[in-house]
Amino acid sequence: MEYNFQSIEKKWQAHWKEQGSYRVKEDTNKKKFYILDMFPYPSGAGLHVGHPLGYIASDIFARFKRHQGFNVLHPMGYDSFGLPAEQYAIQTGQHPAITTEKNIARYREQLDKIGFSFDWDREVRTSSPEYYKWTQWIFKTIYNSWFDNTTQKTMPIASLIEAFEKNGNYNVSPACDDNWHASLLELKNNEGQPLYFFGANWNGEFTATDWQSMNEEQRYHLLMCFRLTYLADSMVNWCPALGTVLANDEIKDGVSERGGHPVVQKKMRQWSMRISAFAERLLNGLDTIEWPENIKEIQRNWIGKSEGATVFFDLEKHQEQIEVFTTRPDTLMGVSFLTLAPEHPLVSQITTDEQRSAVNEYVEKAALKNERDRQVQSKEMSGVFTGAFAIHPFTQKQVPIYIGDYVLAGYGTGAVMAVPAGDQRDWDFAKHHNIPMVLIFENHDASEGACTSKEVPLIHSDFLNGLCGSEAFNKMIEALLEIQHGNRKVNYRLRDAVFSRQRYWGEPFPVYFKDGQAQMIDDQQLPVTLPEVDKYLPTEDGEPPLARSQWKYDNQFVMEYNTMPGWAGSSWYFLRYMDPQNNDFIASKEAMNYWGQVDLYMGGAEHATGHLLYSRFWTMILHDLEHIPFGEPFYKMINQGMILGRSSFVYRIKDTNQFVSADLRKEYNTQQLYADISMVDNDKLDIEAFKNWLPEYQNAEFILNEKGEYLCGFEVEKMSKSKYNVQTPDELVEKFGADTLRCYEMFLGPVEQSKPWDTKGINGVHNFLRRMTRLYQNDEGVILVVNTPAEKPSLQTLHRAIKKVTDDLNRFSWNTVVSSMMIAVNELTEQKCHSKEVLDNMAILLSPYAPHLAEELWEIAGNTSSVMDQSWPIALKEFLEDDTFSYPVSFNGKMRFNIDLSVQLNAADVEKAVLAHEKTAHYLEGNTPKKIIVVPKRIVNIVM
RNA sequence: GCCCUGGUGGUGGAAUCGGUAGACACGCAGGACUUAAAAUCCUGUGACCAUUGCGGUCGUGCGGGUUCAAGUCCCGCCCGGGGUACCA
């Protein structure tokens, strides 16, 4: 019988479904293995061949682990809240839930065809109320928590209140914004008086008595400064025309990517998550997990730890100080000016009357640019002198103060001390504005640029003269502490994460507002479900879509009309798979204790600074609060690469309707046009299909090459509809079968590498499966499997394959496994081996890669059980080694010939045998060997 | 600029610990079978030189180095992919 993959795959998929083969339960007698794929957003376009790459790899690994006796949790679900469904709803009025449902059905159909071993009973969808009930619960939990800087741990907010009751905020160090107390002083009560009783110079300390005398409103705002999710005014990219906030990557050249509308910077009251408190934990945790080094690096950079010092500069004519952060306190003696961000709060206060108009103009100009624009600006170091001077803390000399938009308000203190001798940017700024430099490095000629090395001894630096590096760094910090003008400081780039979105299709907040204060809705009333709206657009006065519903809590209190961002649901979904139907908790303690951390996480590297950071953040919080038994969500991670498309091109001669074959196109002036890859086979164009493709090509004429063919050009690029290079898995499953597709995607190369999709090679893999089939059955359907014992060479072939396949899977080398199995099948075919003892083991080896065919072959060989239930074969040592080894013999490192010798021989005997060999004399050319290197079972090298 | 990756035949890739570079496929060329095509099978296939056979030289982005031995280790460059940035 021919390899009839269509009927085989249909048969076994139905069988597995009927048997519930992939259902999994906690079983404390078995070791667990949790292998997870990043769940997809179910887009309307469906899957292309790139999407299942990671799923295939993880599915193979899950099946391998099952054979090894592990209890494997391998679930799948959908990240089903998101923008595309909402956009579609705006255009068509169709409810996003309906669109999402449809897309999920299509995804499921496509996934099912590929034969994945997901336990679909555990499916989760982030948009289902049963699921987002717990997203809301986690939000509330985070709201009711604070972070203790001393112990570096999340604590319930009640414990902070208790501390305040006892000692005010003495002896307690909750994570918060540096100037949290300043923002409280701006608040007013109903009478328009300051809400708090602290004077304008309050430094943030308060006593137990202060706390006890606070009213409920005062305590609300005070606590908000310490909660791990909090309401605060933050700068957002507001697009008035679209009525929504845009993410940075939704803006191109200062206008919205969609529609090209202007975008302005606006302060909005938003929920934020205090991820900045976890900077150090997130950084250190990376050392405890096995992730690809590049992802760890991306996260480290994103967290952006820098160690340095805070320095306070007194002002010449004002009480206030300017606080700067620097990583080079050792260069403090070289300060020639300070630069403030245009938004710095002291700017208007210190600017002199002569400079005021210039400064105002500059500040206004800067406000029009968003942060990203500003960074793209030219290198000409724009800035304006404020007219004010600071006083150098050591030399007491005047230091001019500038503003410049290269200083960002959002990083550090929004102010920098400039040392032109030691920083290239400061050097550029000084040159441009003709500010005198202070030279502080030995032998440094500052006419060319700054000296950025830390290893050059200092000069003109008073007590630091002659020192450099960390010695100077530490000595300066000591000196700063002594004169009380600075201290050691660690700064992080990581910012708190905005958690509000002005969208419809996302999780609603379990929050309403009473007297302007946010109130959490009781756990018993969760989930708070999405209300119906007439349109999925913002209201006329710019409120989010949910406001259209006139939604009220208890019929009187305004609800929070924002929704949660996309990363909310995906930050904890791996927990829900453990116990997806649980109504009492995110998952039962038993289930979480059993399944624990994800052992292997497979997904794209593009989530490095989003999902992969946020889910670590939430896991740490939940772990600290003892809701879950582990502190890092994903132990081992592998990033699959992207599969790129191979686009085909035709070449039209300019201003004609003539197309010229790619190999002849240089002779003409041509225009390159896409041709759909379905009309191209082996770069040869199906001319008739092309003519019928689009009306404009109907009367096209073709200049063929000498073989009478029309060749297409090609390019490797991202798969996309507009490039006509999308290859769907469905077509390939139809044509070659799921097993072939699975093997081929693995055979393409290492999973973590990006590579072009090219269907050319798929025949080779398909042939391999056919040759495998022929070991069991000839083309007439006669079963060849025999019960006679196998010959030694066949057993050697088998056991070598077992060893190689097992080793390669253990080191996640999916591609080489296919090669090893091909080699085994080629050898067994040559040996005409049809022995059941060999073939049964071969079927088990094959089953992770080609599960349908493996089941079929297992059955053909006369077995009644399922191949999936068989334990993984063990490679027997006696069949792994030959009696002889073919030694390569090299002369001065050049390999000349092989000699077969018994593996029993020791190095001296090998040397003797080689020297006795007839060819040795020839290659010695009369020389005496100076040295002979023998590495047993590897190589012989003769040095002359 | 900085950080992370990668660079091997016509193509995808293999070489796991410093030990025979190019496994396994694709493609291509030639042959067998066939009226023919497909399918299948066989042979060859890194480049260059020599071919009557034996064989020889070069070769893993480039230039150096360490070593008996380097795709693999070290130093200095070049190019591609990704991340990030007036980050103080």
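Below, read A as the first sequence line, B as the second, and so on, with proteins coming before strands; counting in each chain starts at 1.
Backbone-only engagement by A:Ile823 is indicated by non-hydrogen atom pairs under 4.0 Å involving sugar-phosphate atoms exclusively. Residue contacts for A:Gln424: at a heavy-atom cut-off of 4.0 Å it reaches no nucleic acid atom on any strand shown. Using a 4.0 Å heavy-atom distance criterion, A:Asp758 is classed as making no nucleic acid contact. Within 4.0 Å of A:Pro750, counting heavy atoms only, lie sugar-phosphate atoms of the nucleic acid but no base atom. Using a 4.0 Å heavy-atom criterion, one finds that A:Asn491 contacts no nucleic acid atom at all. Residue-level contact check: A:Met822 touches the backbone only, with heavy atoms under 4.0 Å from sugar-phosphate atoms and none from bases. Nucleic acid contact for A:Asn892: none, since no nucleic acid atom lies under 4.0 Å from a heavy atom of the residue.
One interatomic measurement links the two molecules: CG of A:Leu828 to C1' of B:rC24, which rounds to 16 Å at whole-angstrom precision. We find that CG of A:Leu338 is positioned 12 Å from C1' of B:rA88, with the value rounded to whole Å. Rounded to a whole Å, the NZ atom of A:Lys296 is 16 Å from the C1' atom of B:rC3.
Regarding contacts with the backbone of B:rG10, every side-chain N or O of A:Lys760 stays at 4.0 angstrom or more from both OP1 and OP2. Dashed line: the shortest gap from a side-chain N or O of A:Asn294 to OP1 or OP2 of B:rC3 is not under 4.0 Å. Within the 4.0 Å cut-off from OP1 or OP2 of B:rC24, not a single side-chain nitrogen or oxygen of A:Tyr744 is found. Residue A:Asn815 has no polar side-chain atom (N or O) positioned under 4.0 Å from OP1 or OP2 of B:rA25. Distances shown here put every side-chain N or O of A:Arg300 at or beyond 4.0 Å from the OP1 or OP2 atom of B:rG83. Between A:Arg493 and B:rA85 there is a side-chain polar atom (N or O) within less than 4.0 angstrom of OP1 or OP2. For B:rA25, one of the phosphate oxygens OP1 or OP2 lies less than 4.0 angstrom from a side-chain nitrogen or oxygen of A:Arg771.
When the P atom is used for both B:rA15 and B:rU72, the distance is 15 Å, rounded to whole Å. A gap of 33 Å separates the C1' atoms of B:rA47 and B:rU40, to the nearest Å. Separating the C1' atom of B:rA37 from that of B:rU45 is a span of 26 Å, rounded to the nearest Å. Separation of the P atoms belonging to B:rG10 and B:rU60 is 13 Å when rounded to the nearest angstrom.
In this structure, B:rC54 forms no base pair with any nucleotide, since neither Watson-Crick nor G-U wobble geometry is met with both distances under 3.5 Å. Checking B:rC2 for Watson-Crick or G-U wobble geometry (two distances, each under 3.5 Å) identifies B:rG83 as its partner. Checking B:rC28 for Watson-Crick or G-U wobble geometry (two distances, each under 3.5 Å) identifies B:rG44 as its partner.
If you check distances only, the side chain of A:Lys804 does reach the base of B:rU16 with a donor-acceptor pair under 3.5 Å. For B:rC68, the base has a donor-acceptor partner in the side chain of A:Asn941 [N/O atoms by modelled type, under 3.5 angstrom].
Residues passing the ring-ring contact (aromatic ring centres under 6.0 Å, His included) test with A:Phe441: none are found, sequence neighbours excluded. Applying the side chain to side chain contact (heavy atoms under 4.5 Å, CB included) test to A:Asn725 and every residue at least two apart in sequence or in another chain returns A:Ser647, A:Ile677, A:Glu717, A:Met719, A:Lys723.
Candidate nucleotides B:rU40, B:rC68, B:rC3 were compared by shortest atom distance to the side chain of A:Arg774, and B:rU40 ranks first.
Residues A:Pro342 and A:Tyr362 approach most closely at CG-CE2, 4.0 Å, considering heavy atoms. When every heavy atom of A:Ala608 is checked against every heavy atom of A:Ile298, the shortest pair comes out as CB-CG2, 3.7 Å.
For A:Lys755 (side chain) and A:Pro750 (main-chain N/O), a donor-acceptor pair under 3.5 Å exists by modelled atom type. Put simply, the side chain of A:Tyr849 never gets that close to the backbone of A:Asp739: no donor and acceptor are under 3.5 Å apart.
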